[in-house]
Number of protein chains: 2
Amino acid sequence: MKAPASAPAQGSTAEPQEPRWLTDEEQRVWRSFMEGVTLLDDHLDRQLQRDAGMPHVYYGLLVKLAEAPRRRLRMTELAMLAKITRSRLSHAVARLEKNGWVHREDCPDDKRGQFAVLTDEGLEVLRQTAPGHVEAVRQAVFDRLSPEQQKSLGEIMRIVAEGLQPAEAGADLPWLR
Amino acid sequence: MKAPASAPAQGSTAEPQEPRWLTDEEQRVWRSFMEGVTLLDDHLDRQLQRDAGMPHVYYGLLVKLAEAPRRRLRMTELAMLAKITRSRLSHAVARLEKNGWVHREDCPDDKRGQFAVLTDEGLEVLRQTAPGHVEAVRQAVFDRLSPEQQKSLGEIMRIVAEGLQPAEAGADLPWLR
DNA sequence: GGACCCTCCTTGAACTTTAAACAAATGGCC
DNA sequence: GGCCATTTGTTTAAAGTTCAAGGAGGGTCC
């Protein structure tokens, strides 16, 4: 299902083509990318763990909930918005519930369904910690990039994300994209 | 509690300035970034877990070792190259050792020191799985970006990485950077 | 109604990561 | 030599993530 990048007739039967290795320049790009991501992720995780008592992903969940109508979302919807599996979300919400930042509610329309609801306490935590988090993001990223670079980064990562979007996602779910 | 976005003399004593919130456009950039990274990371992790039986980070460790002088590196050095903590590395190497991909060796010069050494078996795993991994990276990233975008991405992430490099790193370690 | 398949969400076990504490060795410094 | 801070790498436990399996409801087709 992939066409050769260049000339030679590629066997159409099996996989074992000559690998399309990265050039030195591509290597450098890729390594910078992975290093940057690793360092950034760790940095933000530590910042939030210290100041908000939760990892970055969990913080992201609270943000999504805070932005949702009535501060609530179906589990599946939240999982898709946050780009995580439902399993991971189940565990995460269980933890956040224990903290009192979120609580679950049955869905009246669909007895299988669950809403995750952001509590007042959860909203308060967000209020208190958001400034510190934005500041961290700014210092690590936006303060260091020119407006053009910021724009590029957005375009580039949007392209990457689109390419990896699980095919099903949003296809039949009107509320997404 | 709203302060003007621009001029005012900033109190020099404490923290509670008006947060420098992200603009809508910055928000979009940041979210695309986080989504792209999350999806990409998961994608590569699954690809490697399936085809190589290890997470992306572990694969990265084997690569570093393969490139090192006698296929060996001191634990601390490897940890810095891979941008992970020594603790995490200890666990990772323990696991890789159990797989037979790596083995530890005492450092003759420093009795505290340990080398992580890539075994023949480990090198073989790398040989077998590298093509699949590059292909995944290509399809997810390089095939989708123009040469200019690839260049930008490299520059941008290099800047971000530099800003987060633990200050100590490389300062006194001649073998790094 | 009943068979069947799909979706929603949870669960438990295995594995990975984190954070904090620690022993041993090193390297000044006096 | 002896003292002391630092470096090296590991360990423990707790927290988070993944994977595969599963219970339960919904939807469709006959």
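Lettering of chains follows the sequences in order, A, B, ..., and the numbering in each one begins at 1.
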Separation of B:D106 atom CG from D:dT8 atom C1', in whole Å?
-> 13 Å

Any side-chain heavy-atom pair of A:L62 and A:M54 under 4.5 Å = yes

Short side-chain N/O contact from A:R86 to OP1 or OP2 of C:dC8, under 4.0 Å = yes

Rounded distance (Å) that lies between atom P of D:dT17 and atom CG of A:D41 | 11 Å

Contact list for residues 78-107 of chain A, test ring pair (Phe, Tyr, Trp, His ring centres under 6.0 Å), sequence neighbours left out | none

Distance check: side-chain N/O of A:R88 vs OP1/OP2 of C:dT10, anything under 4.0 Å?
-> no

Can you find a donor-acceptor N/O pair under 3.5 angstrom joining the side chain of B:H91 to the base of D:dG9?
-> no

Taking only residues two or more places apart in sequence or in another chain, which ones pass salt bridge (charged side-chain N to carboxylate O under 4.0 Å, His left out) with B:R127?
-> B:E124

Any side-chain hydrogen bond (donor to acceptor under 3.5 Å, both in side chains) pairs touching residues 64-75 of chain A, not counting sequence neighbours?
-> A:E67-B:R31, A:R71-A:D120, A:R72-A:E105

Nucleic acid contacts of residues 49-64 of chain B, taken as heavy-atom distances under 4.0 Å to DNA chain C = B:Y58

Donor-acceptor list for residues 43-52 of chain B side chains, cut-off 3.5 Å, not counting sequence neighbours:
from  : atom 1 : to     : atom 2 : distance (Å)
B:D45 : OD1    : B:H56  : N      : 2.7
B:Q47 : OE1    : B:H133 : ND1    : 3.4
B:Q47 : NE2    : B:D51  : OD2    : 3.0

Only counting residues at least two apart or in another chain, list the ones meeting side chain to side chain contact (heavy atoms under 4.5 Å, CB included) with A:A66.
-> A:L118, A:L123, A:L126

Side chain to side chain contact (heavy atoms under 4.5 Å, CB included) partners of A:I159, counting only residues at least two apart = B:R144, B:L145, B:Q149

Would you say C:dC15 has OP1 or OP2 under 4.0 Å from some side-chain N or O of B:R95?
-> no

Output all residues satisfying salt bridge (charged side-chain N to carboxylate O under 4.0 Å, His left out) with A:E121, sequence neighbours left out; order by chain, then residue number.
-> none

Using side chain to side chain donor-acceptor pair (under 3.5 Å) as the criterion, list what pairs up with B:D109, not counting sequence neighbours.
-> none

Enter the inter-axis angle for the ends of the helix from C:dG1-D:dC30 to C:dC30-D:dG1 (five pairs per end, rounded to 10°).
-> 10°

Could you walk me through whether B:E155 and B:K151 pass the salt bridge (charged side-chain N to carboxylate O under 4.0 Å, His left out) test, one step at a time?
-> CA-CA 6 Å; B:E155 287 166 359; B:K151 182 158 170 269; 3.7 Å; yes

How does protein reach along nucleotides 20-26 of chain C, written 5' to 3' as B (base within reach of a heavy atom under 4.0 Å), S (only sugar-phosphate), or - (no contact)?
-> B---BBS

Which comes earlier along DNA chain D counting from the 5' end, the contact point of B:L89 or that of B:D45, where each point is its nearest nucleotide?
-> B:L89

Between D:dG9, C:dC9, D:dC19, which one does the side chain of B:T76 approach most closely?
-> D:dG9

For A:R86, the salt bridge (charged side-chain N to carboxylate O under 4.0 Å, His left out) test, sequence neighbours excluded, returns none

